[in-house]
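These notes concern the structure reproduced below.
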Amino acid sequence: METKLIKLYQKRSFGDKLQDTVDFVRDNWRPLLKYITYLLLPVTLVQTFFMNNFMSGYMSFSTSLGGAKPELESMLPWLSSMGWLMLVQYVGIVLLVALTYTMMQLYEQRPRLTGITWADLQPGVKRMALRQLLLILTGLALCVVAALLIAILIAFGPAMIVLGVMLLLIAMPLFALATPIYLFENTGIVAAYAKSIRLGWKTWAGIVAVTFVLYLLVSIIQGVVSMPGYLMMGIKQALALQGNSTGFATSFGYSAAQYLLGVVSGFVGNCLLVLPFIGLAYQYGHACDKVDGVSVDRDIEQFETLNA
């Protein structure tokens, strides 16, 4: 069956955005899976290591704490693991976004990604990874500013805090399109955020709906896949609370099985994250066409090129 070309810049209904997201993954799942494995599997191995360290440290800390007051020295090991875990997760997100959007950009030039090589992807992945890293750092700076504003509102009473948090939640979708704008377009980061606010203001409901549905789908599937690992962790914690420090739950085989289940659930989660990233890209293409008429301009350019 011949697959249709899924254009990035065109108006879409809510259903079309979800359908095109699924169709893109269905038509290109082989190269997607191949290069996600190539880039993200090593990250997942490290991520699972720090996740297990964090959970083990936290369980040991909570088990030994009892009713005593926590001390910073006893908290440092699992807090350190949490910090490394967050760092590795950010690395994974940067690589996954860069890879996904590079593939979508190449898909605009060559409808079939079958046979694509790392040499085709490498320049785009490097460029987009650096730009995505800059976006994350800028986003963290904006989060600090937002936290400071909320801290200032504390002095004005609970009502102002609630109002500030509500306004922040309403404003967050306005910045969502900054990622595809900054990665797909040759523009500065300030201009990308300004355009994101402009497009996001007129397509706010679509951004919220698409991201909510796709992230909900990812959460449900990942929750199911992660259930065996959480079950093994719960058994280990229950035995530890009973004072059973020996037995099968502390054996090497049990720990190895728990680690492998963590790798599987982490890798599946990384693979599933391409869905909201792709959906957000199609929401960006819809917003560009709806607000700026990008697809019309492109059609005119192609017509002029043919008649030149």
Test side chain to side chain donor-acceptor pair (under 3.5 Å) applied to K195 - qualifying residues, sequence neighbours left out
E185
Flag the pair I116 / Y35 as yes when at least one side-chain heavy-atom distance between them is below 4.5 Å, and no otherwise.
yes
Within this structure, what is the CD1-SG distance for the pair I136 and C143, rounded to the nearest 0.5 Å?
11.0 Å
Taking all non-hydrogen atoms of both residues into account, name the closest pair between A98 and A129 and its distance.
CB-N, 3.5 Å
Is a donor on one side and an acceptor on the other found under 3.5 Å between the side chain of T44 and the backbone of V263?
no
Okay, side chain of E108, backbone of L8: is any donor-acceptor separation there less than 3.5 Å?
yes
Is any side-chain heavy atom of L183 closer than 4.5 Å to one of Q132?
yes
Has T37 got a side-chain atom pairing as donor or acceptor with L33's backbone, closer than 3.5 angstrom?
yes
Check: L18 main-chain N/O paired with Y282 side-chain donor or acceptor under 3.5 Å:
no
For residues Y90 and V43: do they belong to one hydrophobic cluster (side chain heavy atoms under 4.5 Å, members Ile, Leu, Val, Met, Phe, Trp, Tyr)?
no
Before giving the answer on side-chain contact (heavy atoms from CB on, under 4.5 Å), spell out for L87 and F50 the whole-Å C-alpha distance, their side-chain angles and the decisive distance to 0.1 Å.
CA-CA 10 Å; L87 178 62; F50 285 118; over 6 Å; no
Flag yes if V22 and Y215 sit in one hydrophobic cluster, no otherwise; membership is Ile, Leu, Val, Met, Phe, Trp, Tyr, and two members link when side-chain heavy atoms are under 4.5 Å apart.
no
Determine the minimum heavy-atom distance between F184 and Q105, stating which atoms define it.
O-NE2, 3.7 Å
Is there a continuous path of hydrophobic side-chain contacts, each under 4.5 Å between heavy atoms, that joins L41 to V125?
yes
Any side-chain heavy-atom pair of L199 and S196 under 4.5 Å
no
Can a donor-acceptor pair be found between the side chains of Y9 and Y284 at a distance below 3.5 Å?
yes
Can you pull the salt bridge (charged side-chain N to carboxylate O under 4.0 Å, His left out) pairs that have at least one residue in residues 34-46, sequence neighbours excluded?
none
Sub-3.5 Å donor-acceptor pair from the side chain of W204 to the main-chain atoms of I170, do we have one?
yes
Decide yes or no for V144 and L148: does some side-chain heavy atom of the first lie under 4.5 Å from some side-chain heavy atom of the second?
yes
Rounded to the nearest 0.5 angstrom, the CD-CE distance for Q258 and M51 is 11.0 Å
Ignoring hydrogens and angles, tell me if any N or O in the side chain of S265 forms a donor-acceptor pair with the backbone of S226 under 3.5 Å.
no
Verdict with reasoning, R131 to L135, per side-chain contact (heavy atoms from CB on, under 4.5 Å)
CA-CA 6 Å; R131 291 173 78 85; L135 268 176; 6.0 Å; no
Once rounded to the nearest 0.5 Å, what's the spacing between atom NZ of K17 and atom NE2 of H286?
4.0 Å
Using side chain to side chain contact (heavy atoms under 4.5 Å, CB included) as the criterion, point out the one residue from T138, I181, L137 that pairs with I189.
T138
What class does the angle between the rings of Y107 and F24 fall in, given that below 30° is parallel, 30 to 60° is tilted and above 60° is perpendicular?
perpendicular
Would you confirm whether T203, through its side chain, and G206, through its main-chain N or O, come within 3.5 Å as a donor-acceptor pair?
no
Considering non-hydrogen atoms only, spot the tightest contact between I36 and C271 and give its length.
CG2-SG, 3.8 Å
Point-to-point distance, once rounded to the nearest 0.5 Å, from CD1 of I207 to OG1 of T211
7.5 Å
Tell me, do V213 and F14 make a side-chain contact under 4.5 Å, heavy atoms counted?
yes
For the student: nearest non-hydrogen atoms of L95 and L39, plus distance
CD1-O, 4.1 Å
Got a second to check how far I6's CD1 is from D23's CG, nearest 0.5 Å?
5.0 Å
Above 12 or not: heavy atoms from other molecules or residues under 6.0 Å from CH2 of W201?
no
What's the spacing between R12 CZ and D289 CG if we round to 0.5 Å?
9.0 Å
Is any side-chain heavy atom of L45 less than 4.5 Å from a side-chain heavy atom of F267?
no
Do W29 and V218 land in one hydrophobic cluster if side-chain heavy atoms of ILVMFWY residues count as linked below 4.5 Å?
yes
Minimum heavy-atom distance L177-A287, with the two atoms named:
CD1-CB, 4.1 Å
How are the rings of Y101 and F277 set to each other: parallel, tilted or perpendicular (split at 30° and 60°)?
perpendicular
Name the residue from I278, L272, N270 that meets the side chain to side chain contact (heavy atoms under 4.5 Å, CB included) definition with V274.
I278
Do D20 and Q10 have side chains that approach each other closer than 4.5 Å (heavy atoms only, starting at C-beta)?
yes
Are Y230 and F49 connected in the hydrophobic side-chain network, where two residues link if heavy atoms are under 4.5 Å apart?
no
Side chain proximity check, K202 to K290, heavy atoms < 4.5 angstrom:
no
Verdict with supporting geometry, V97 and M128, side-chain contact (heavy atoms from CB on, under 4.5 Å):
CA-CA 8 Å; V97 172; M128 290 194 178; over 6 Å; no
Taking the basic N atoms (NZ, or NE/NH1/NH2) and the acidic carboxylate oxygens, is any pair closer than 4.0 Å for R198 and D292?
yes
Determine, stepwise, if the pair V210 / L280 fulfils side-chain contact (heavy atoms from CB on, under 4.5 Å).
CA-CA 7 Å; V210 169; L280 186 62; 6.0 Å; no
Whether D120 side chain and T117 backbone form a donor-acceptor pair below 3.5 Å
yes
